[in-house]
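Just below is one structure, and these are the notes that go with it.
Counting begins at 1 with the first residue of the sequence. All of these numbers come straight from a predicted model, not from anything done at the bench.
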Amino acid sequence: MDDSSLVWDDGVLVTIDQRGLPHEVRELRLSTVDQVIDAIKTLAIRGAPAIGIAGAFGVVIATAAHTVDGVIDEAAVQAEADRIAAARPTAVNLAWAVRRVSAKVGQGAGAVLAETLDMLAEDGRVNRAAATHAADLVQRLCADRPLRVLTHCNTGRLATSAFGTAIGTLRVLSERGAIEQVLVDETRPLLQGARLTTWELAEAGIPHRLTIDSAAAWAMATGQVDCVLVGADRVTANGDVANKIGTYGLALAARHHGIPFVVVAPESTRDLSMATGREIVVEERAATEVTGFGGTATAPEHTEVFNPAFDVTPAELVTAVVTEHGVVHRSEQSHGAAIADIAGELYRRGWMPGTAGNISVRTGATALVTGSGLSKGELTERDMVTVRVADSAPVAGHGRKPSAETTIHTAVYRTRPAQAVVHIHPPFATALATRSASPGTLATLRITDYELIKGLGGGDPAVAEIPVFPNWPEVPRIGADIERYLLDHPGALPVLVIAGHGITAWGDDLAQARDRAECLEALCELVSRTGSPAAFAPRDDFLEIGLT
């Protein structure tokens, strides 16, 4: 069968009726707005991307129906579009898709159809890109061996238009020979995992086992799960994730067992207008979905029911949200683990001896920074402190105090679009900068003609002018000096040195910040060992700097 689950056939939307699967593969042909809405409400069509595209085709149908002699009743079409968008309130893709194609209504049904077909084609490309990014991440996070992956609900071509998101990731991993087995949650009460995901995995030839939802935590506890992969119906600005009911419990169990919990979704699923998951309207569905199945009652008559279709997983439980743009959100624990890994690496090189040095990652209006007075060779993700970028004040940190150099990090974040800062104490840069320093003044360390200069990230590949800041006893004073300098020098290199205090470097991520610090240390070693010329000069424009 064609990989696409949604096909436009001369005025009719053709799809698979998911209610019949896995035992009956029956075609569903939808030619009216009411039929589209009913298919979405009854889960004949389901999955956030799929209902979004189906809703867009519904607007095509509405536009054609309300066009007479070339004149479009735009008000009538908008009323139908509003009905379609309201069919499932939690999944943001539906309202997003309807809104996107509704902007073309004034140009006629042909223009709405063209936009919808573009969206349909985009979906397959977007899903494959997101799945590839997610597969790359999973292989970085997990052991280098065939993996046991747990998934929940259905996130394949049935839930999208083609390829899939979390199941798409499983397909990519399977193509790479990286899947040992997939553990499939049944997904009560409508059994999307049992009915749909197992069907898709069998179709793709991916080995899998089905389990009851309540066995997932025990599977993690007994070492049968390396990673959890799920989709999403809405991701808020802070990284909270709405997904099929049961997802939150999986995230809690994964966190307890130290297992990566990765969300894969198209960018259209992110709702940046919604600050947190507390604002999400969670749809509740009919009691009959819980009190019986397949026409057979399983609970006493008149039993009251709590039947939410979705739950909301807090951002801090989500290892990463991955879209077609790559990783767009990582939890603070995930950031903390990455910081601890790099700190350990730099400690082993002797560049963060004892408790010296510090690392941070920006998390929006806050930053996660290493705690004070801790050996950088023994850090864990719980040794990090969250501070506000605006004023360096700590807001969370398991009782830890933030590193004393926090104000240096936040000065960078306030003046540059950096996402990570590394401050280390390597010997050659520290010694060279100390020799170049003048008490109470800003100096410049000028190095020329080394190929490594390119690695610093500046505009001139032949000349590096690195500011050398005085080492005030009051660290906030150093931070104030750095902030003033960076504001006054927008083209400055993303590295600096503090006399007797080491290197500070920053970048788009931890790896880039670390690499720039490494390049500067290597340059300083070359200058020191070869006797190559390096110019030292005080900055006349920055004399007697610092707080008064």
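- The shortest non-hydrogen separation linking V230 to F261 is CG2-CZ, 3.8 Å.
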(message) Please determine whether side-chain contact (heavy atoms from CB on, under 4.5 Å) holds for the pair F428 and I503, giving the CA-CA distance in whole Å, both sets of side-chain angles, and the decisive distance to 0.1 Å.
(response) CA-CA 10 Å; F428 291 98; I503 293 173; over 6 Å; no
(request) For the pair R176 and D136, evaluate salt bridge (charged side-chain N to carboxylate O under 4.0 Å, His left out) and give the outcome as yes or no after the intermediate values. (result) CA-CA 10 Å; R176 297 176 180 178; D136 292 343; 2.8 Å; yes
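- R195 and N154 share no donor-acceptor pair across their side chains, judged by distance under 3.5 Å alone.
- A distance-only check finds no donor-acceptor pair linking the side chain of T165 to the backbone of N127 [under 3.5 Å].
- A side-chain donor-acceptor contact under 3.5 Å links S392 and T410.
- In terms of modelled atom types and a separation under 3.5 Å, the side chain of T323 and the main chain of A130 share no donor-acceptor contact.
- The side-chain heavy atoms of L229 and T155, taken from C-beta on, include no pair separated by under 4.5 Å.
- Salt bridge D233/R46: absent, no basic N to carboxylate O contact under 4.0 Å.
- Summarising the geometry of A44 relative to L28, their closest heavy-atom pair is CB-CD2, 3.7 Å, with the distance given to 0.1 Å.
- Not counting sequence neighbours, R125 has no partner by the salt bridge (charged side-chain N to carboxylate O under 4.0 Å, His left out) test.
- Between the side chain of R19 and the backbone N or O of L43 there is no donor-acceptor pair closer than 3.5 Å.
- A 4.5 Å side-chain heavy-atom check between L496 and W506 finds at least one atom pair inside the cut-off.
- Between the CD1 atom in I359 and the CZ atom in R514 there is a gap of 9.5 Å [rounded to 0.5 Å].
- We find that E451 and K454 are joined by a salt bridge, their nearest charged nitrogen and carboxylate oxygen being less than 4.0 Å apart.
- Aromatic ring orientation, H409 versus H423: perpendicular (interplanar angle above 60°, classes split at 30° and 60°).
- A pairwise comparison of heavy atoms in I206 and S174 identifies CG1-OG, 3.7 Å as the closest pair.
- Remark: side-chain polar atoms of D240 are paired, donor with acceptor, to backbone N or O of A315 under 3.5 angstrom.
- You'll find the side chain of T247 stays beyond 4.5 Å of the side chain of V241, heavy atoms only.
- Side-chain atoms of S5 come within 3.5 Å of backbone atoms of R157 as a donor-acceptor pair (strictly under, hydrogens ignored).
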(request) Show your working on side-chain contact (heavy atoms from CB on, under 4.5 Å) between K401 and L374 and close with a plain yes or no. (result) CA-CA 10 Å; K401 292 182 179 179; L374 302 171; over 6 Å; no
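- Applying the salt bridge (charged side-chain N to carboxylate O under 4.0 Å, His left out) test to R270 and every residue at least two apart in sequence or in another chain returns E267.
- For OH of Y248, the number of neighbouring non-hydrogen atoms (other residues, nucleotides, ligands) closer than 6.0 Å is 12 at most.
- With a 4.5 Å cut-off on side-chain heavy atoms, E324 and P266 count as touching.
- L379 places a side-chain heavy atom less than 4.5 Å from the side chain of T370.
- Donor-acceptor pairing under 3.5 Å is recorded for the side chains of N93 and S268.
- Partner of V497 under the side-chain contact (heavy atoms from CB on, under 4.5 Å) criterion, out of I466, T430, T504: I466 alone.
- One distance of note links CG of L368 with CE of M384; it measures 6.5 Å at 0.5 Å rounding.
- Atom CZ of R278 sits in a sparse spot, with 12 or fewer heavy atoms from other residues, nucleotides or ligands closer than 6.0 Å.
- Note: L510 CG to S360 OG = 8.0 Å, rounded to the nearest 0.5 Å.
- Under 4.0 Å is where a charged nitrogen must lie from a carboxylate oxygen, and between E283 and R285 at least one such pair does.
- Taking CG of L250 as the reference point, atom CG of L317 lies at 11.0 Å (rounded to 0.5 Å).
- A distance-only check finds no donor-acceptor pair linking the side chain of R171 to the backbone of A204 [under 3.5 Å].
- Between I259 atom CD1 and R148 atom CZ the span is 9.0 Å, to the nearest 0.5 Å.
- A heavy-atom distance below 4.5 Å is not found between the side chains of Y347 and E378.
- E24 places no side-chain N or O within 3.5 Å of a backbone atom of G20 that could act as its donor or acceptor partner.
- The minimum heavy-atom distance linking I482 with A411 is given by the pair CG2-CB, 4.4 Å.
- Shown here for A232 and A48, the closest heavy-atom pair between the two residues is O-CB, 3.8 Å.
- Considering only heavy atoms from C-beta on, L520 comes within 4.5 Å of L456 through its side chain.
- For E27, the CD atom counts as densely surrounded, since its 6.0 Å shell holds more than 12 non-hydrogen atoms of other residues, nucleotides or ligands.
- Taking each heavy atom of L486 and R416 in turn, the nearest pair found is O-NH1, 3.0 Å.
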(request) Dump the intermediate steps for side-chain contact (heavy atoms from CB on, under 4.5 Å) on H152 and D213, then the final yes or no. (result) CA-CA 8 Å; H152 187 68; D213 293 359; 4.0 Å; yes
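- Side-chain atoms of D185 and T187 include no donor-acceptor pair closer than 3.5 Å.
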(request) Determine, stepwise, if the pair L183 / R209 fulfils side-chain contact (heavy atoms from CB on, under 4.5 Å). (result) CA-CA 5 Å; L183 196 61; R209 289 187 298 166; 4.0 Å; yes
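- Using modelled atom types, one side-chain atom of E200 and one backbone atom of L158 make a donor-acceptor pair closer than 3.5 Å.
- A salt bridge links R145 to D226: at least one charged side-chain nitrogen sits closer than 4.0 Å to a carboxylate oxygen.
- The existence of a salt bridge linking E521 and R349 is excluded, since no basic side-chain nitrogen approaches an acidic carboxylate oxygen closer than 4.0 Å.
- Using a 4.5 Å cut-off on side-chain heavy atoms (C-beta onward), L210 and V184 make contact.
- Looking at D123, its side chain never comes within 3.5 Å of a backbone N or O of M119 through a donor-acceptor pair.
- For the pair K244 (side chain) and F310 (backbone), a donor-acceptor distance under 3.5 Å is absent.
- The distance from the SG atom of C227 to the CG atom of L137 is 7.5 Å, given to the nearest 0.5 Å.
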